[in-house]
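Pasting a structure below so you can have a look.
Proteins come first, then strands; the chains are lettered A, B, ... in the order of their sequence lines, and each starts at number 1. Note: hydrogens, waters and symmetry copies are ignored here, and every other heavy atom, side chains too, is used.
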Amino acid sequence: MTESSTAKRQILVTAALPYANGHIHIGHLVEYIQTDIWVRFQKLRGHRCIYICADDTHGTAIMIRARQEGRSEEELIADMQQAHVRDFAGFDIQFDNYGSTNSPESRALCEEIWAKIRAAGLVKEKDVEQLYDPVAQTFLADRFVKGTCPYCGLTNQYGDSCDNGHTYRPTELKDPVSTLSGATPEVRSAKHLFIELEQLHDFLEEWTQSGDHLQPEIANYLKGHFLHEPLRDWDVSRPAPYFGFEIPDFPGNYWYVWYDAPIGYMGSTKQWCDRHGENFDDWWRNPKTEIHHFIGKDITYFHTLFWPGMLKVAGFNLPTKVHIHGFLTVGGEKMSKSKGTFILASTYLKHLDPSYLRYYFATKLGPRLDDLDLEPEEFVTKVNTDLVGKVVNLASRTAKFVESTGLSASYPDDGGLFAYGASLGEEIAEAYEACDYNKAMRLVIELADRANPYVESKAPWVLKKDPSKAAELQDVCTVALNLFRQIAIYLAPVLPRLAQQTGELLNDPIGPGDWYKAYTPLVGTPVNKFQHMMKRAEIGQVLAMIEDSKPADAAAPQTTEKAAKTMSEENQAENTAPEAAQAAGGVEPSPYNDGPEALEKEPLVAEHCTIDDFLKIDMRVARVIAAAHVEGADKLLQLTLSLGGNERRNVFAGIKSVYKPEDLIGQLVICCANLAPRKMRFGVSEGMVLAAGAGGQDIFILRPDSGAKPGMRVH
RNA sequence: GGGGCCGUAGCUCAACGGUUAGAGCAGCAGACUCAUAAUCUGUUGGUUCCGGGUUCGAAUCCCGGCGGCCCUACCA
């Protein structure tokens, strides 16, 4: 066993805390598997490394759910934690401690850090207006209020946005009703505590932009989105009732869930330390300890600004690195409950081997934060070809020939195959270290691609028939099994079960620190009877899993796909104009002396479109039945178009520079009625009013000749 | 509109600025029968999105287009 030349590192690793309000699904698993692989890799290399996680238990959502289920929050989160732990274990995700943010350890740390933040003068008090339910006696989060959208009048809408995509504050909602009690909420003002993050601006600028703490695109993102201007104050308190920790020096108020969630990393570490007789400060206040957070891109903000800020002020270690990954898509699309691609961890386990998913994710994960796609066909092919066909096959085709003899006493000449595999070890290790699992998997599979031809060329099944070649047979199998073992060690972070089985087969376990066993062949040990290590995956199992994930009431209300956003409304109008002009225009010499200026401004460059293309655009006569200025917008008018009957379209048009609302009301226009709805700053625009001109003062709305009726199609 | 990432074989992806751009899968033609219809050999397939530039040399660096994805938004 050669020892690593690099010094032993001490590494604390966390994955984001799953919320105690829902079950683990395969999207979550990207992160926990990615992190688990990294931790197992570090352990295999002989470093001291602990994997810390916990349930995120606080907040209004938990409180409400507990009330609805008629039990205490503590019962609810205990049950959910049990389910989470079971799901993770099913995927061989091995935490060193799995705690809860609702623990005494967490509370103590929240208080300790809070005192430091107070002492640093970062806390200030401000009034905040919120809706309050006088019956349920609680402030209402956006999702617990329903009412009428102040923009489009749609009823029965949530407090933050309506189904038409208008966004607003809950206090703007008309006829608001609490979903908890049915009472009419009142607007109440309450004092909240804020952390003045701006005081830490220089520190955060320095920390995010230097060193290797963040992926470069994240550092750029933070600079462009937040650090270019003063950082906003962060509201960290919530008035009672709230499920969380009461703020000691602000009675009746609780820390907001995102204040105590990351502290949960520490609380969970503390539990681990107490169980193992370790010193907490050795992990969180020791500059020699590395701290690595693995998170999804959705919570970047909290982990790269608030959290380092809190740690800095409180005098703890700063994160060595925040590793941020993208989201999971299935078959190229967002996970969807109605399509059965919103797959729970527990559902997966009913149908498929967790090793498949661990390996498949590994082949898809790189160091960047691209989304990764689960493609069922590819999933099955990869698992079967790589793992069963190439890797496991090495053992299954040779092990039984040496069951009686064991491995040769000295390692035979293999033409340099094992040495080559050993020489790749550090490169594979670097790929793991950099979270470039995709590359690591490629390198490992290449080894299997070299090993199988070796077996083929030596044909042990032929040697077996000739008793005089028994020694050669043993040598060939010794080589094959050593090449297999080398691969199994390299794959151990991804496939711990395979490593375990390999250890049992060859009577030499693969455990922490054993990476370097891949550099020295194993000889002279007995070989146990070969047992199947991994079954082939069947596409039918995957399809059954997807079917099983569809909602039981599968009349399948099609989830509305988000419209692909491309260009702004204004720009779309510009870009479509030449097409419209071309469709309508002739080429005959004109007696009207029209100049070429318009064409020069917008040349005829659009490609030909087919009649089918043209027919895709459903243009209709429409009547403007309402028109209004949009508050805060200086180019847009909001129009309500009637296509006759009850058919309406809400359209934002960039025509304010030329038209006044009162000029338009009652007028007929032409609109594109099947333009994909597009979410804008002020709401969803559901169509487009056709107009000529390049914009600015050059805007001329198209109007049908008299006699046209709303709803008529334009051909 | 602004910002970011990306564009290489039918698909998934490789390729420190340096041979003739490579693998796997799929396809085609064979071989083998130890192994879970596994494996092996051979083979088809490329204007590296387009156009310029820098360089002895560009898939790679720079500029400009086009296309895709993501973020953000009449606030960068």
All N/O contacts under 3.5 Å from nucleotides 6-17 of chain B to the protein, with atom names and distances to one decimal?
{"from": "B:U12", "atom 1": "O2'", "to": "A:E378", "atom 2": "OE2", "distance (Å)": "3.4"}

Under 3.5 Å, N/O pairs linking protein and nucleotides 30-32 of chain B:
none

Checklist entry - Of the nucleotides B:C34, B:U36, B:C70, which one has an atom closest to the side chain of A:K400? => result B:C34

Checklist entry - With respect to the side chain of A:N393, which nucleotide from B:U41, B:A38, B:C25 is positioned closest? => result B:A38

Next on the checklist: Taking pairing as Watson-Crick or G-U wobble with both contacts under 3.5 Å, can you name the mate of B:C40, or confirm there isn't one?
Outcome noted: B:G30

Item to check | A:D373 and A:K364: CA distance, side-chain angles, deciding distance, salt bridge (charged side-chain N to carboxylate O under 4.0 Å, His left out) verdict | outcome: CA-CA 8 Å; A:D373 187 44; A:K364 291 287 203 176; 5.7 Å; no

Checklist entry - B:C34, B:A35, B:U39: which one has an atom nearest the side-chain heavy atoms of A:K390? => result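 My answer, after comparing the listed nucleotides, is B:U39.
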
Item to check | For A:H351, ring pair (Phe, Tyr, Trp, His ring centres under 6.0 Å) partners two or more places apart | outcome: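 Scan of A:H351 (ring pair (Phe, Tyr, Trp, His ring centres under 6.0 Å), adjacent residues dropped) gives none.
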
Checklist entry - Base, sugar-phosphate, or nothing: which does A:F401 touch, judged by heavy atoms less than 4.0 Å apart? => result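 Sugar-phosphate, no base atom in range.
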
Checklist entry - Can you name the residues that form a ring pair (Phe, Tyr, Trp, His ring centres under 6.0 Å) with A:F484, not counting sequence neighbours? => result none

Item to check | A:N452 CG to B:G24 C1', straight-line distance once rounded to whole Å | outcome: 14 Å

Next on the checklist: Check this one for me: any side-chain N or O of A:R397 less than 4.0 Å away from OP1 or OP2 of B:A38?
Outcome noted: no

Next on the checklist: Could you check whether atom NZ of A:K321 has more than 12 heavy atoms from other residues, nucleotides or ligands sitting under 6.0 Å from it?
Outcome noted: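 Count over threshold, so yes.
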
Donor-acceptor contacts under 3.5 Å from residues 453-465 of chain A side chains, at least two apart:
{"from": "A:E456", "atom 1": "OE1", "to": "A:R397", "atom 2": "NH2", "distance (Å)": "3.0"}
{"from": "A:S457", "atom 1": "OG", "to": "A:P453", "atom 2": "O", "distance (Å)": "3.4"}
{"from": "A:S457", "atom 1": "OG", "to": "A:Y454", "atom 2": "O", "distance (Å)": "2.8"}

Checklist entry - Can you tell me the Watson-Crick or wobble partner of B:G10, both distances under 3.5 angstrom? => result B:C25

Next on the checklist: What I want to check is whether the side chains of A:H323 and A:W38 have a donor and an acceptor closer together than 3.5 Å.
Outcome noted: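 Not at all, the side chains of A:H323 and A:W38 share no donor-acceptor pair under 3.5 Å.
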
Checklist entry - Within the side chain of A:E31, is there an N or O that forms a donor-acceptor pair under 3.5 Å with the backbone of A:A16? => result yes

Checklist entry - So, A:F306 versus A:W258, ring centres under 6.0 angstrom or not? => result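 Centroid separation for A:F306 and A:W258: 6.0 Å or greater.
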
Next on the checklist: Does A:P460 reach a base, just sugar-phosphate, or nothing at all? Heavy atoms under 4.0 Å.
Outcome noted: nothing

Next on the checklist: Could you tell me how far apart A:I218 (CD1) and B:G3 (C1') are, to the nearest whole angstrom?
Outcome noted: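 The answer, rounded to whole Å, is 13 Å.
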
Next on the checklist: Counting only Watson-Crick pairs (N1-N3 plus N6-O4 or O6-N4) and G-U wobbles (N1-O2, O6-N3), all under 3.5 Å, who is the partner of B:C69?
Outcome noted: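 The answer is B:G4, by the H-bond criterion.
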
Checklist entry - Who does B:C61 pair with, Watson-Crick or G-U, both distances under 3.5 Å? => result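 Pairing partner: B:G53.
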
Checklist entry - Quick one: ring-ring contact (aromatic ring centres under 6.0 Å, His included) pairs with a partner in residues 352-395 of chain A, sequence neighbours left out? => result A:Y360-A:F379

Checklist entry - Within the structure shown, what part of the strands sits under 4.0 Å from A:M441 by heavy-atom distance: base, sugar-phosphate, or nothing? => result nothing

